[in-house]
Amino acid sequence: MDNIERWKSAAENIAWYKAPDIVLDDSNPPFSRWFPDGVTNACYNAVDIHVEQGRGEQLAVIFDSPVTDVKSQLTYADLQELVAKAAGAFARRGVTKGDRVIIYMPMVPEALIAMLACARIGAIHSVVFGGFASNELAKRIDDAKPKLIISASCGLEPARIVEYKPLLDEAIELASYKPQACIILQRAEMQADLNENRDFDWNETIASARPVDCVPVNANDPLYILYTSGTTGQPKGVVRDTGGTIVSLKWSMANIYNVKPGDVYWAASDVGWVVGHSYIVYGPLFNGNTTVIYEGKPVGTPDPGAFWRVVSEYQVKVLFTAPTAFRAIKKEDPTGEYLQSYDLTCLQSLFLAGERCDPSTLEWATEKLQIPVIDHWWQTETGWSICANCLGLETPNIVVGSPGKPVPGYQVQVLSDHGGKVKEGEIGSLVVKLPLPPGTFTTLWQADARYCEAYFGRFPGYYETGDAGYIDDNGNVFVMSRTDDVINVAGHRLSTGAFEEVLATHPDVAECAVVGIDDALKGQLPLGLLVLNAGVLKPHKEIEVEAIQLVRDAIGPIAAFKFCMVVNRLPKTRSGKILRATIKKIAEGKPWVIPATIDDAAILDEIEASIKNIT
Ligand code: COA
Ligand code: AMP
């Protein structure tokens, strides 16, 4: 089907206050505008429409929290009531259309309710993952300038309670911009102290709020900002618009995931990541599915059968998670013993994304589950998959190591450094020919120039994904690595530049480099090398421990920064570039050669000897 026809027809499948006459305005590339004269509301399409169409009693949300032993469920009618009241509460705090609201919450239904409540009144939410520390939250507060912040007293990790409120207080302290108010969900596991005049209790605020209706917004009005790692420590505020998001995600539920209204769909991720935005909250709800919010891990809560219990208990039809979760399960239950205890006949497919899926994990999952296991490739920027086997459109043709062919709407190509097309099967930069389909990012928050430069500057007419790979002669795309300094730790995208900025603040550190090294469980782990200022007498071990703590405090535990070592010098080219690729190979114990450009080859032997001591 023609690109415009496809999205025109997909747009007819969603609810509009004013249906668009124009499908695509492409007069100002790369700023493609889909459905520019349409008027709609994401919350209406996610919640109210289902109640109006008679599905009010159907389950919308299942909450399952093995870490607190709590299970609860909300019908679409319940969800409508709660969201309308939360929206009323936000409005009473002065939030109106276009205002930003930061949501810094654990995996609880209130996070989803807060997101939908923002959408209901046309406010722009920005969810910040709970594993980020105050410093990262502060950067997002300063960039998004939220009128209101929604948070909770705590989150629960298997071994500890994460106190969110002190982290939030510190972030507000650190930020130059101050929000007018915070609404805090007090959880039974830990109560937070509320600051008089600024903090309000979620339950009290919602209980006393008057429900409000959905506000019509323009299709191109931002639905949300989601910050993601770039090459520097300053995160990029990916902006997604309302109309394109509703159209593309609803289309994807039927055509990629092959689910129908009423089916239970579970994305085992976190609302703080793009997977959570698209496939815990918006996609399933736009499509009238039941979504699962799971506050737990694939292993250890309590065992590697956790996912199978949830699937069978709630009759999950499609499960979506990151390969790292499956590597964790496989490690603890290689024979799939836990799997045998559950009836999984309800599960029709497993989708994996977030990082490159290693063939052995894909093969293990396929063998154990005996269902299609679909690796699909996408990014925060695109919001939904660039390549996949589309189960609603065709019988899957799974090629191990490849996330499949481009999804309708994406024209993927491989370009050389000079911008020309590479030969078939040759590796290069993976790019997407403009226009990007609906639902992909429309800009970076208040940074149009950075948007143009970072993504469209190098290959005019194409979106540069930042991934390198190749396309085989059957059209299957293979995504092999990043072309920038972004690393992927347990499906989470992190910037080595951000790590280095933090390490450089240590008073004894003169210079540093961080590289991502392969890890059997998490895909990659960061390794930091530190060169100290002359004359530092403090023991190296002490400095390494301090540096690790510094990263944990500044970026957060999710950085999983555990390996750090002091070295005499960093290996560099004659022009001063740090030889990261060689450091990475040495650290991974892989064969390496002395690069011709190096200024002093002896440093590499020193690094190899030091690395052997820490690994
Ligand atoms: N709030 C606060 N801290 C958090 C957190 C949150 N929301 N999420 C994770 N953390 C902490 C963890 O407690 C851990 O801290 P620690 O160093 O004190 O142990 C650290 O951040 C790293 O967490 P995580 O990456 O979850 O590692 P893990 O060792 O606890 O678990 C896996 C390993 C593979 C089980 C886990 O990474 C996983 O389930 N991954 C799935 C990935 C995923 O959902 N990706 C989303 C894209 S689809
Ligand atoms: P994020 O924006 O955090 O979702 O991370 C996106 C990045 O994760 C992509 O640019 C890829 O580098 C990587 N990624 C996501 N899905 C896949 C996949 N299926 N195969 C290979 N890499 C992937």
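Just follow the structure's listing: the first ligand is 1, and inside any ligand the first atom is 1.
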message: Which of the numbered atoms in ligand 1 are under 4.0 angstrom from any heavy atom belonging to A490?
response: 25 (O), 37 (O), 42 (C), 45 (N)
- prompt: Does A560 approach ligand 1 within less than 4.0 angstrom via side chain, backbone, both or neither, non-hydrogen atoms only?
  reply: neither
message: Using a plain distance cutoff, I'd like to know if R552 has any nitrogen or oxygen under 3.5 Å from a nitrogen or oxygen of ligand 1.
response: yes
message: If you scan the protein for heavy atoms around atom 41 (C) of ligand 1, do you find one that is closer than 4.0 Å?
response: yes
query: What atoms in ligand 1 come closer than 4.0 Å to a heavy atom of K562?
result: 17 (O)
- request: Find all atoms of ligand 2 within a distance of less than 4.0 Å from any non-hydrogen atom belonging to R356, and give their numbers and elements.
  value: 20 (N), 21 (C), 22 (N), 23 (C)
message: Please report whether the ring centroid of F456 lies less than 6.0 Å from that of Y462.
response: no
Distance from atom 18 (C) of ligand 2 to nearest protein heavy atom, with residue and atom: E355 O, 3.2 Å
query: T321 to ligand 1: N or O pair under 3.5 Å?
result: no
- prompt: How does F326 reach ligand 1, by side chain, by backbone, by both or by neither, if only non-hydrogen atoms under 4.0 Å count?
  reply: neither
query: Counting heavy atoms not belonging to K585, are there more than 12 under 6.0 Å from its NZ?
result: no
- prompt: When you look for heavy atoms under 4.0 Å from ligand 1, do you find them on the side chain of R327, its backbone, both, or neither?
  reply: neither
- prompt: Mind checking whether K522 has an N or O less than 3.5 Å away from an N or O of ligand 1?
  reply: yes
- line: The protein heavy atom nearest to atom 26 (O) of ligand 1 is K297 NZ, 2.7 Å
field: Where ligand 2 meets V479 - atom numbers and elements under 4.0 angstrom, heavy-atom basis
entry: 21 (C), 22 (N)
query: For the residue pair Y455 and F441, is the inter-centroid distance of their aromatic rings smaller than 6.0 Å?
result: yes
- line: So the atoms of ligand 2 within less than 4.0 Å of a heavy atom of T380 turn out to be 1 (P), 2 (O), 3 (O), 4 (O)
task: Pick one of side chain, backbone, both or neither for how D375 approaches ligand 2, counting any non-hydrogen atom pair under 4.0 Å.
output: side chain
- request: Report the part of N488 in contact with ligand 2, treating N, CA, C, O as backbone and CB onward as side chain, heavy atoms under 4.0 Å; options are side chain, backbone, both, neither.
  value: side chain
- prompt: Between the candidates W378, W273, F351, W377, which shows the shortest non-hydrogen contact distance to atom 6 (C) of ligand 2?
  reply: W378
- prompt: For atom 15 (O) of ligand 1, which protein heavy atom lies nearest, and how many Å away is it?
  reply: R160 NH2, 3.1 Å
query: By number and element, which atoms of ligand 2 are closer than 4.0 Å to a non-hydrogen atom of H376?
result: 16 (N), 18 (C), 19 (N)
- request: Write out the residue and atom name of the closest protein heavy atom to atom 39 (O) of ligand 1, then the distance separating them to 0.1 Å.
  value: P298 CD, 3.1 Å
Per-atom contacts of ligand 1 with Y164, taking only distances under 4.0 Å to non-hydrogen atoms: 1 (N), 7 (N)
- prompt: Do T483 and D467 have side chains that get closer than 4.5 Å, going by heavy atoms?
  reply: no
field: Flag side-chain contact, heavy atom, 4.5 Å: N476 against I471
entry: no
Top protein contact for atom 45 (N) of ligand 1, by heavy-atom distance: H492 CE1, 3.6 Å
Output field: ring centroids W384/Y282 closer than 6.0 Å: no
- prompt: Which of the atoms in ligand 1, numbered in the order shown and given with their element, are less than 4.0 Å from a heavy-atom of A268?
  reply: 44 (O)
message: Pairs of nitrogen or oxygen atoms closer than 3.5 Å, one from W273 and one from ligand 1: do any exist?
response: no
message: Quick test: of every protein heavy atom, which one is nearest to atom 34 (C) of ligand 1, and how far off is it to 0.1 Å?
response: T324 OG1, 3.5 Å
- request: Please write down residue, atom name and distance for the protein heavy atom closest to atom 46 (C) of ligand 1.
  value: S269 OG, 3.3 Å
query: Angle class for the H376/W378 ring planes (parallel below 30°, perpendicular above 60°, tilted otherwise)?
result: tilted
Proximity flag F129 to ligand 1, non-hydrogen atoms under 4.0 Å: yes
- prompt: Which one of V238, V486, D467 has a non-hydrogen atom at the shortest distance from atom 12 (O) of ligand 2?
  reply: D467
Heavy-atom protein neighbour under 4.0 angstrom from atom 32 (C) of ligand 1: no
- request: Might you confirm whether atom CD of E337 has over 12 heavy atoms from other residues, nucleotides or ligands at distances under 6.0 Å?
  value: no
- prompt: Around E453, counting heavy atoms of other residues, nucleotides and ligands shown, do more than 12 lie under 6.0 Å from its CD?
  reply: no
CD/E394: more than 12 non-hydrogen atoms of other groups inside 6.0 Å: yes
- prompt: Does ligand 1 have an atom that lies less than 4.0 angstrom from a heavy atom of G354?
  reply: no
query: Does the N or O separation between T465 and ligand 2 drop below 3.5 Å for any pair?
result: no
- prompt: According to the interplanar angle, ranging from 0 to 90°, do the rings of H492 and W273 count as parallel (below 30°), tilted (30 to 60°) or perpendicular (above 60°)?
  reply: parallel
- request: Give the residue and atom name of whichever protein heavy atom lies nearest to atom 48 (S) of ligand 1, and the separation in Å to one decimal.
  value: V275 CG2, 3.6 Å
- prompt: Is there any N or O on G354 that sits under 3.5 Å from an N or O of ligand 2?
  reply: yes
Under 3.5 Å side-chain donor-acceptor pair for Y410 and K405: no
message: Distance under 4.0 Å to a non-hydrogen atom of V162: what atoms of ligand 1 satisfy this?
response: 2 (C)
- prompt: Does atom CG of D193 have more than 12 heavy-atom neighbours from other groups under 6.0 Å away?
  reply: no
- line: protein heavy-atom neighbour closest to atom 3 (O) of ligand 2 works out as R493 CB, 3.2 Å
- prompt: atom 5 (C) of ligand 1: which protein heavy atom is closest, and how many Å away?
  reply: E157 OE2, 3.4 Å
